[in-house]
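All chains are named by letter (A, B, ...) in the order of the sequence lines, taking the proteins before the strands, and each is independently numbered beginning at 1.
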Amino acid sequence: MNWFTNTLGSSIGKKLMMAITGLCFCGFLVVHLIGNLTLYGGKDFFSAYVEHLHSYGPLVTVAELGLLALAIIHVLTGLTLFFGNLGARPEGYKVNKNAGGRTIGSLTMPYTGILLLAFIVLHLIQLRFVNYDETMTVFQNVSNTLSQPAYVIIYIAAVIVAAIHVSHGFWSAFQTLGANHPKYMPLIQGVGIVFSLVVGIGFGLIPGYILSL
Amino acid sequence: MSETINLTLRVWRQKGPRTQGSLETYKAIDISTDMSFLEMLDVVNEELTVDGKEPIAFDHDCREGICGMCGVVVNGRSHGPEKGTTLCQLHMRHFSDGDTIFIEPWRSKAFPVIKDLAVDRGAFDTLIQAGGFVSVNAGGAQDANCLPVPQEDAEKAMDAAACIGCGACVASCPNASAMLFVGAKVSQLALLPQGKPEAAQRALSMVRTMDELGFGNCTNERECEAECPKEISISNIARLNREYFKAGLFSSVM
Amino acid sequence: MELDAKIPGGHLKDKWDRHRFELKLVNPANKRKFDIIVVGTGLAGGAAAASLAELGYNVKNFCIQDSPRRAHSIAAQGGINAAKNYTNEGDSIWRLFYDTIKGGDFRAREGNVYRLAQVSNNIIDQCVAQGVPFARDYGGLLANRSFGGSQVSRTFYARGQTGQQLLLGAYSSLSRQIAAKKVEMFTRREMLDVVIVDGQARGIVVRNLVTGELECHEAHAVVLATGGYGNVFFLSTNAMASNVTAAYRAYKRGALFANPCFTQIHPTCIPVHGTYQSKLTLMSESLRNDGRVWVPRDMGDKRQPHQIPESERDYYLERKYPSFGNLVPRDVASRNAKAQCDEGKGVGDTGLAVYLDFADAIKRDGKDVIEKKYGNLFQMYEKITAQDPYETPMMIYPAVHYTMGGLWVDYNLMSTVDGLFVMGEANFSDHGANRLGASALMQGLADGYFVIPYTIGGYIAGTSFPEITTDHPAFKDTAKEVRERTDKLLSIQGKRTVDDFHRELGLTMWDYCGMGRKDEGLEKAKKKIQELRGEFWENVLVPGNDKDFNQSLERAGRVADFLEFGELMVTDALARRESCGGHFNEAYQTEENEAQRDDENFCHVAAWEYTGDDKEPEFHKEPLDFENVELTQRSYK
Ligand SMILES: Cc1cc2nc3c(=O)[nH]c(=O)nc-3n(C[C@H](O)[C@H](O)[C@H](O)COP(=O)(O)OP(=O)(O)OC[C@H]3O[C@@H](n4cnc5c(N)ncnc54)[C@H](O)[C@@H]3O)c2cc1C
Ligand code: SF4
Ligand code: FES
């Protein structure tokens, strides 16, 4: 297996891990968003969805552990790349200027990543690691949480950060995987932007909806 | 028509690899806008010399944008502000009277400063030695027209082969990564039938060497493509990635 | 001294085969016992270093630049010739041979040129195998274009970057040998002398340009591939570091210098536009395939080009040379441009330019086709001049470009010093008095890939070598002389900069030993150079010290040599009392102002021997015998 770790351990290999785990998270975001959209169907519809999800029992745990593993890989590899890159230019430039390649997304990747990590931890504490029972249903918890102005601000900020992260991450993952084709690359980049907008808007509107209830 | 302008230069001066450097200020007076950037530096150097000071060291040779020897960061931009232009082909007509110009050497751990604006790009040679070749000895080749190469592939290979090895991609990359340079060479040879037999070995060996030499990791910032004087496309980096995965995960090369 | 070119006997076609058979061989296992120094990493040096290492020799390779890939060969644009006849136009080895001999105005050796044409085809095969991305037709086969001095399309090209691609090919082979530890590469080193032990070239003294240290390197043979000396004119299309130092130092150690006055002035360069200018830029000759050269019919016509109607333009090359038209050889095209400007028909601010117009080609083939062929050249032109050649004709003027002269070598490429071989532009051998376009790349690679690997073996196998190390007194003495010279340069601390001297020398050479030469001018130049040299050694200002990366010191050494060498050029030009190719003495011209040769008295190579500083060099003659071609007045009508 030496060849395997050698391949993944190189700079490109690490990028591959970032790309694959990143794309998995994109997939997760889609599923999560679709699930959350059931909120718009009202309390009962949402609860039915939660019920349905929980009916998978251990599979959910497996999925969660899987997500945790992805997160660990994504975060640790990301940090390794970040610190490695700092070391690649020990003495910086006095004048820095962008030549037009970088975007806000790419420029802020490590920072948006760390912010997202912080948010996810908070998000999990608030919504995942809670003892749900009759007195505290998931729907109640969601609507309580999203009624606190402080959390709403954090939530919306996090959603924007996620959109920015994804705006670079999405096409970048394809580039890393080698899927750069003159015919399709513009499409991939377009999909990336649309995707980040959908994520931003889809998640971002939820607190508004909750407040309007 | 040409006119003349006056400029203030803030130039990085550093005596040697292990000494501290700093930005020094010089005046460039009566600079014709028809001059190239290097000719402007020549004028400043002539004046420094006559004044008994040491002229500014900078690398250059062909002065027509092909040898890849020149290159400094001008106001934060590698080879200056013009797209697809080496420093030696940058003309002073792109500057205005009264401008202050910051001039710094390429900055990267893999390219240590030798003196002032000259850096050691030997790492690029090491990269090519790691596999940027086809193993054919003189004398053994078959007739050149034996293997037809689709024109499109030949053109793409030529696009990649146009790299002059100047190092601007590394200098402008926020991560000081050499992926564009390596991608260009791997692509050129991967696109041509002559390069195929050693493609896997080449991709693995060049990437490993690149990592060892202290270049940073590519994070798809696209600054290299934007600054490359030969406008080498990052699709070559994508091809390098493909070649690398193919070699690392699916070939029998270790 | 008797100059023996060692041309093998037999029919022209069999000479090289026969020679290869007769050359002694070094046993494969023994090759690793021999060290070879190769100075230069251009097409000639790079190819030689790689090929010799492939054979098993231990090679030490040196270059001035920070990487072997940056040798001046990288700048060649247009292409490389070969007698493949892929275009079915009737090309052949014989035709390439004949064109080259005739293009050189019958001042090259038949044997060498024939060999060059013979191996030309192997070069293309070798380069393609290395992954050189030559241009191809839609069917995937190699494309060709035509070049000056020939009526067949035999030039292979990689856009306008042929030299770059060929050099990167050689560089990749070289890199492979460096990785295999068969070549030890020394970059940023300048050779400042050769070391001769018991009459054999056994090593060199180089300066490490970063640390300033002088290093001695020993070997069994020394190969110089250090390029041409066009920079003696200060302004030329050569790279800034191109120099005569290596060749000139060898000359001072006993190697003869042949035909130094044969310099090529290239017709299509961007005109000079300011006194601060540091170099001239070539616009590839391939442009003459599609561009039409013209000037206004009337003197002093200052209208913009598009305001001048067809009937008031003079397409003088097409008019004077109907069969070759814009594709006449370089010397002819250059002289005609000069003549037009001398008549007051020149265009542009300085009146020292002619038009090269693509309007008709764009109309005929479309902008896309033209862009595909010449895009990068047009772009380069626009960057420098801020004018768009798709819209307005280019302005061009001749500029110094190539030097046919060089160290004298025999058929084995060995100079008059045993074990000192010279290749590429640095030798004098194959182009006579004028080189055809796309033939320098061919010659450099022929020498490096396919000639020296055999001939050096013959030398090594037939020579006994005393054991020496760099502790030998010859090394010590040579290094001491080099150091003294460097110290001297630094100690003068005069008032004028190195570039200032160089510029003045260049102007003198251009005015008096350039496109048109006159006896009085040459005499004057000789005097001026002597005076300038005298002043240089009293009044040059070289800042910094020698233990450092000191670019002024590097240039000072080169200019010091140019200041001596320039005089040698003038001496040679004075001695050659005829006009031929790139040497045009105005006293010798036909009624149609073409170069008038004197085959009776000057059908020879003039080889000069150094006899001491400030002494006249001694003239030696190698007669040229033509058994296979008839000497004619060149005609491109
Ligand atoms: C702009 C331009 C375009 C051209 N286009 C064409 C073309 O289309 N077709 C064609 O056939 N020819 C062309 N030529 C001519 C051709 O490029 C050259 O003649 C040829 O490349 C010379 O190759 P070379 O190997 O002899 O020397 P070079 O490539 O000049 O290499 C010289 C080498 O020697 C080294 N060196 C020199 N002095 C020393 C020293 N003292 N110590 C250590 N190292 C030293 C240098 O570092 C360098 O590595 C062109 C020339 C120019 C200027
Ligand atoms: S890829 Fe572009 S920027 Fe990088 S070395 Fe090559 S030419 Fe220079
Ligand atoms: S000096 Fe050669 S590319 Fe600029």
So does [X] have more than 12 non-hydrogen atoms from other groups sitting under 6.0 Å from [atom1]?
X	atom1	answer
Glu152(B)	CD	no
Tyr56(A)	OH	no
Tyr209(A)	OH	yes

Let's test your reading of the structure: which of [options] forms the most heavy-atom pairs below 4.5 Å with chain B?
options	value
Gly9(A), Gly92(A), Gly84(A)	Gly92(A)
Leu107(A), Asn96(A), Leu177(A), Leu16(A)	Leu16(A)
Lys97(A), Arg102(A), Lys14(A)	Arg102(A)
Leu86(A), Thr7(A), Asn85(A)	Asn85(A)

Rounded to the nearest 0.5 Å, how far does [atom2] of [Y] lie from [atom1] of [X]?
X	Y	atom1	atom2	value
Ile237(B)	Thr176(A)	CD1	OG1	9.5 Å
Glu91(A)	Arg107(B)	CD	CZ	4.0 Å
Phe82(A)	Asn175(B)	CZ	CG	9.5 Å
Ile12(A)	Asn217(B)	CD1	CG	10.0 Å
Glu221(B)	Thr103(A)	CD	OG1	7.5 Å
Arg208(B)	Ser10(A)	CZ	OG	8.0 Å

Among [options], which has the most heavy-atom pairs under 4.5 Å with chain A?
options	value
Cys224(B), Cys173(B), Ala110(B)	Cys173(B)
Pro81(B), Ala176(B), Ser78(B), Ala226(B)	Ala176(B)
Val170(B), Val73(B), Asp211(B)	Asp211(B)
Ser172(B), Pro174(B), Ser108(B), Ser177(B)	Pro174(B)

Worksheet entry | Portion of Lys15(A) that has a non-hydrogen atom of chain B nearer than 4.5 angstrom | side chain

Worksheet item: So what's closer than 4.5 Å to chain B heavy atoms on His181(A): side chain, backbone, both or neither?
Response: neither

By a 4.5 Å heavy-atom criterion (distance strictly below it), what part of [X] contacts chain A: side chain, backbone, both, or neither?
X	value
Asn75(B)	both
Val253(B)	neither
Phe245(B)	side chain

Over all atoms of both residues, closest heavy-atom pair of [X] and [Y]:
X	Y	value
Leu23(B)	Lys94(A)	CD1-CG, 3.6 Å
Gly214(B)	Ala88(A)	O-CB, 3.8 Å
Asn220(B)	Gln175(A)	OD1-CG, 3.4 Å
Glu104(B)	Val95(A)	OE2-N, 3.1 Å
Ser172(A)	Thr219(B)	OG-O, 4.4 Å

Fill in: Backbone N/O of Ala99(A) and side chain of Glu223(B): donor-acceptor pair under 3.5 Å
yes

Practice prompt. Examine distances only and state if a side-chain atom of Tyr93(A) and a backbone atom of Ala171(B) form a donor-acceptor pair shorter than 3.5 Å.
Written response: yes

Worksheet entry | Any side-chain donor near an acceptor of the partner, Ser235(B) and Asn180(A), under 3.5 Å | no

